[in-house]
Peer 1: 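Once you've had a glance at the structure underneath, I'll fire off some questions.
The basis for the numbers below is simple: all heavy atoms, side chains too, and nothing from hydrogens, waters or symmetry mates. For reference, positions follow the sequence shown, starting with 1.
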Amino acid sequence: MSNLGLTAAQVRFSELAVEEGFAVFLLNSSSEVRDNQGRVCGKIWDDEVRDRPNLDLPFIEQVIRQVMPPLRPTGSEDAVFLTGLSSGGYMTVRAATHFNALVTAFAPVSSGDPYGWHRRCEAGLAPRIKVEGAGYDNETGKQITERASCASPSYPNEARWDDGKALTKPSFRLFHHEMDGINDLSCAVKAARQLNAHGYPSEPDFLLRGGRRSLANHLWQDEYNRPILDFFASRLDR
């Protein structure tokens with residue numbers, strides 16, 4: 001029951017989306033992710049670039065290419081929209097760039113740049129029960145919870161970006177809180193800069209302000225629900 005309050009805004013987003021004619025697919029991440037030292041990370045998305053096949057991208061591709069098409073009502077749009085929170089936001093960026101020819105638009109929430117960070121899955125680095133370790137920016141070496149942790153004038157340690165060879169790349173809009181205590185604001189800024197640099201068109205960030213830096217400001221907010229759906233709906237007219 002403790003998780004119910006944490007995810008309530010996401011549940012309301014899904015309900016609103018269905019009411020307005022969207023189909024919602026809630027995907028489940030792998031639980032087999034390990035860091036570069038082989039340590040188990042727990043229940044997170046395999047968003048980081050590693051020297052091995054990705055664990056989650058084949059599943060996402062299967063959903064987009066095989067599961068969704070036969071379920072579409074006759075005459076419906078064939079658009080695909082991606083959104084996700086935190087690790088799911090990082091995976092949203094990774095999947096949308098990897099499958100950029102299949103995705104119409106994407107809206108990462110409380111997210112950063114999956115090509116420019118890494119995890120250290122050491123026990124005791126974070127208080128979470130199902131996840132071990134913490135995330136670090138490749139350029140600064142700082143944990144992403146620190147202020148200005150992703151602020152750098154250049155990104156020489158960026159991993160090579162995936163590219164699905166789309167003729168027209170999908171647009172994106174970032175949703176985040178300036179006082180996010182888990183994924184510093186600088187990490188969202190870096191993600192936007194890198195996406196733009198790789199040719200992804202953007203709408204202005206939806207940025208909430210005020211309060212103290214906290215976990216609560218990292219979570220999905222009800223204020224995101226309507227703007228995300230409006231952003232997705234606007235892509236149908238393009």
Peer 1: Mark yes or no for whether K190, through its side chain, and S149, through its backbone, hold a donor-acceptor pair below 3.5 Å.
Peer 2: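 Absent.
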Peer 1: Taking the side chain as C-beta and beyond, is there a heavy-atom pair between V109 and H176 under 4.5 Å?
Peer 2: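 No, side chains not in contact.
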Peer 1: Surrounding CG of L71 (heavy atoms of other residues, nucleotides or ligands, distance under 6.0 Å), is the total greater than 12?
Peer 2: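 Atom CG in L71 is crowded, with more than 12 foreign heavy atoms closer than 6.0 Å.
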Peer 1: Nearest 0.5 angstrom please: E158 CD to S152 OG, how far?
Peer 2: 10.0 Å
Peer 1: Aromatic rings H118 and Y136: how do their planes relate, parallel, tilted or perpendicular, breaks at 30° and 60°?
Peer 2: parallel
Peer 1: To the nearest 0.5 Å, tell me how far N217 CG sits from E178 CD.
Peer 2: 9.0 Å
Peer 1: What pair of heavy atoms forms the shortest contact from T104 to P170, and how long is it?
Peer 2: O-CB, 3.4 Å
Peer 1: Just how far is it from atom CD of Q221 to atom OG of S110, taken to the nearest 0.5 Å?
Peer 2: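 The OG atom of S110 is 7.5 Å from CD of Q221, to the nearest 0.5 Å.
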Peer 1: Is atom CZ of R52 surrounded by more than 12 heavy atoms (other residues, nucleotides or ligands) closer than 6.0 Å?
Peer 2: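 Buried by this count: over 12 neighbours within 6.0 Å.
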Peer 1: Between R147 and D184, does any side-chain N to carboxylate O distance fall below 4.0 Å?
Peer 2: no
Peer 1: Please step through side chain to side chain contact (heavy atoms under 4.5 Å, CB included) for the pair F25 and V67, ending with a clear verdict.
Peer 2: CA-CA 10 Å; F25 291 78; V67 176; 4.0 Å; yes
Peer 1: Are the side chains of M179 and L208 in contact, using a 4.5 Å heavy-atom criterion?
Peer 2: no
Peer 1: Spell out, yes or no, whether W45 and F175 are grouped together once hydrophobic residues are joined by side-chain heavy atoms under 4.5 Å, including indirect joins.
Peer 2: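 Cluster IDs for W45 and F175 differ.
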Peer 1: Among D113, D47, D162, exactly one meets salt bridge (Lys or Arg N to Asp or Glu O under 4.0 Å) together with R94. Which residue is that?
Peer 2: D162
Peer 1: For residues 139-159, pull every pair meeting ring pair (Phe, Tyr, Trp, His ring centres under 6.0 Å), keeping only residues two or more places apart or in separate chains.
Peer 2: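 For residues 139-159: none.
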Peer 1: Look at atom CZ of R72 and say whether more than 12 heavy atoms of other residues, nucleotides or ligands are closer to it than 6.0 Å.
Peer 2: yes
Peer 1: Quick one: do V103 and L195 end up in the same hydrophobic cluster if we chain Ile, Leu, Val, Met, Phe, Trp and Tyr together by side-chain heavy atoms under 4.5 Å apart?
Peer 2: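 Same cluster: V103 reaches L195 through Ile, Leu, Val, Met, Phe, Trp or Tyr contacts under 4.5 Å.
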Peer 1: Begin with the C-alpha distance, continue with both residues' side-chain angles, and end with the deciding distance and a verdict on side chain to side chain contact (heavy atoms under 4.5 Å, CB included) for S202 and S171.
Peer 2: CA-CA 5 Å; S202 61; S171 58; over 6 Å; no
Peer 1: Please walk me through it: do N183 and T145 pass side chain to side chain contact (heavy atoms under 4.5 Å, CB included)?
Peer 2: CA-CA 5 Å; N183 188 76; T145 55; over 6 Å; no
Peer 1: Is the terminal nitrogen or CZ of R235 (NZ for Lys, CZ for Arg) located under 6.0 angstrom from the six-membered ring centre of F81 and within 45° of that ring's axis?
Peer 2: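 Checked: cation-pi criterion not met.
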Peer 1: Taking all heavy atoms of P114 and all of V93, pick out the closest pair and write down the distance.
Peer 2: CD-CG1, 3.6 Å
Peer 1: For L82, is there any backbone N or O sitting under 3.5 Å from a side-chain donor or acceptor partner on T92?
Peer 2: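 Answer holds: no.
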Peer 1: Could you report the tightest heavy-atom contact between N28 and F59, atom names first, then the distance?
Peer 2: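 Closest approach of N28 to F59, heavy atoms only: O-CE2, 3.7 Å.
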Peer 1: Mind listing the closest non-hydrogen atom pair of C121 and D35 along with its distance?
Peer 2: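 Closest pair (atom of C121, atom of D35, distance): N-OD2, 2.8 Å.
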Peer 1: Go through the steps to decide whether R50 and E48 satisfy the test salt bridge (Lys or Arg N to Asp or Glu O under 4.0 Å), and finish with yes or no.
Peer 2: CA-CA 6 Å; R50 306 175 189 275; E48 187 182 331; 3.1 Å; yes
Peer 1: Got a second to check how far Q143's CD is from C150's SG, nearest 0.5 Å?
Peer 2: 11.0 Å
Peer 1: Using a distance-only test with no angle check, is there a side-chain donor-acceptor pair under 3.5 angstrom linking T97 and Y115?
Peer 2: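 A donor-acceptor contact under 3.5 Å links the two side chains.
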Peer 1: Start with the C-alpha distance between H98 and D163, add both sets of side-chain angles, then the distance that settles side chain to side chain contact (heavy atoms under 4.5 Å, CB included), and finish with yes or no.
Peer 2: CA-CA 5 Å; H98 187 86; D163 186 359; over 6 Å; no
Peer 1: Does F106 reach the side chain of Y200, with side-chain heavy atoms less than 4.5 Å apart?
Peer 2: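 A side-chain contact under 4.5 Å exists here.
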Peer 1: If we ignore hydrogens and angles and just use 3.5 Å, is the side chain of K142 paired with the main-chain N or O of A151 as donor and acceptor?
Peer 2: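 No, K142 side chain to A151 backbone: no donor-acceptor pair under 3.5 Å.
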Peer 1: Determine whether V63 and I60 make a side-chain contact, defined as any pair of heavy atoms from C-beta on separated by less than 4.5 Å.
Peer 2: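 They are not in contact (no side-chain heavy atoms under 4.5 Å apart), so the answer is no.
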Peer 1: Would you indicate whether the side-chain heavy atoms of E32 and D46 approach each other to under 4.5 Å?
Peer 2: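 No; the side chains remain at least 4.5 Å from each other.
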Peer 1: Report yes or no: do L57 and L27 belong to one cluster of Ile/Leu/Val/Met/Phe/Trp/Tyr joined by side chain heavy-atom distances under 4.5 Å?
Peer 2: yes
Peer 1: With rounding to the nearest 0.5 Å, note down the distance linking CG in L174 to CG in L207.
Peer 2: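 Those atoms lie 10.0 Å apart.
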Peer 1: I'd like to check V33 versus E132 (side-chain heavy atoms, cut-off strictly below 4.5 Å). Are they in contact?
Peer 2: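 Result no, sub-4.5 Å side-chain heavy-atom pair not found.
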Peer 1: Between R12 and D222, does at least one N-O distance fall below 4.0 Å, as a salt bridge requires?
Peer 2: yes
Peer 1: With rounding to the nearest 0.5 angstrom, report the CG to NE2 distance, N100 to H198.
Peer 2: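 If we round to the nearest 0.5 Å, N100:CG and H198:NE2 are 11.5 Å apart.
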Peer 1: Hey, any chance F232 and I64 share a hydrophobic cluster, counting ILVMFWY side chains that come within less than 4.5 Å of each other, even indirectly?
Peer 2: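 Per the 4.5 Å side-chain linkage, F232 and I64 are not co-clustered.
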Peer 1: Go through R65 and E61 one step at a time and tell me if the salt bridge (Lys or Arg N to Asp or Glu O under 4.0 Å) criterion holds.
Peer 2: CA-CA 6 Å; R65 290 187 182 275; E61 182 175 19; 2.8 Å; yes
Peer 1: How is the hydrophobic cluster of I144 composed, in terms of its other members, when Ile, Leu, Val, Met, Phe, Trp and Tyr link through side-chain heavy atoms under 4.5 Å apart, directly or indirectly?
Peer 2: Y90, W117
Peer 1: Taking the side chain as everything from C-beta on, heavy atoms only, tell me whether F13 gets closer than 4.5 Å to Y224.
Peer 2: no
Peer 1: Examine L102 and F172 and state if one hydrophobic cluster contains both, with Ile, Leu, Val, Met, Phe, Trp and Tyr joined whenever side-chain heavy atoms are less than 4.5 Å apart.
Peer 2: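 Hydrophobic grouping puts L102 with F172.
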Peer 1: Can you find a heavy atom in the side chain of S86 that is under 4.5 Å from one in the side chain of S111?
Peer 2: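 They are not in contact (no side-chain heavy atoms under 4.5 Å apart), so the answer is no.
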Peer 1: Do you know the tightest heavy-atom contact between S30 and L55?
Peer 2: OG-CD1, 3.7 Å
Peer 1: List the atom of K43, the atom of S29, and the distance in Å for their closest heavy-atom pair.
Peer 2: NZ-O, 2.6 Å
Peer 1: Identify every side-chain donor-acceptor pair in residues 14-23 under 3.5 Å, counting partners at least two apart or on other chains, and give the distances.
Peer 2:
from, atom 1, to, atom 2, distance (Å)
S14, OG, Q10, O, 3.3
E20, OE1, R226, NH1, 3.2
E20, OE2, R226, NH1, 3.3
E20, OE2, R226, NH2, 2.2

Peer 1: Have a look at M91 and tell me which of I44, D56, L85 forms a side chain to side chain contact (heavy atoms under 4.5 Å, CB included) with it.
Peer 2: D56
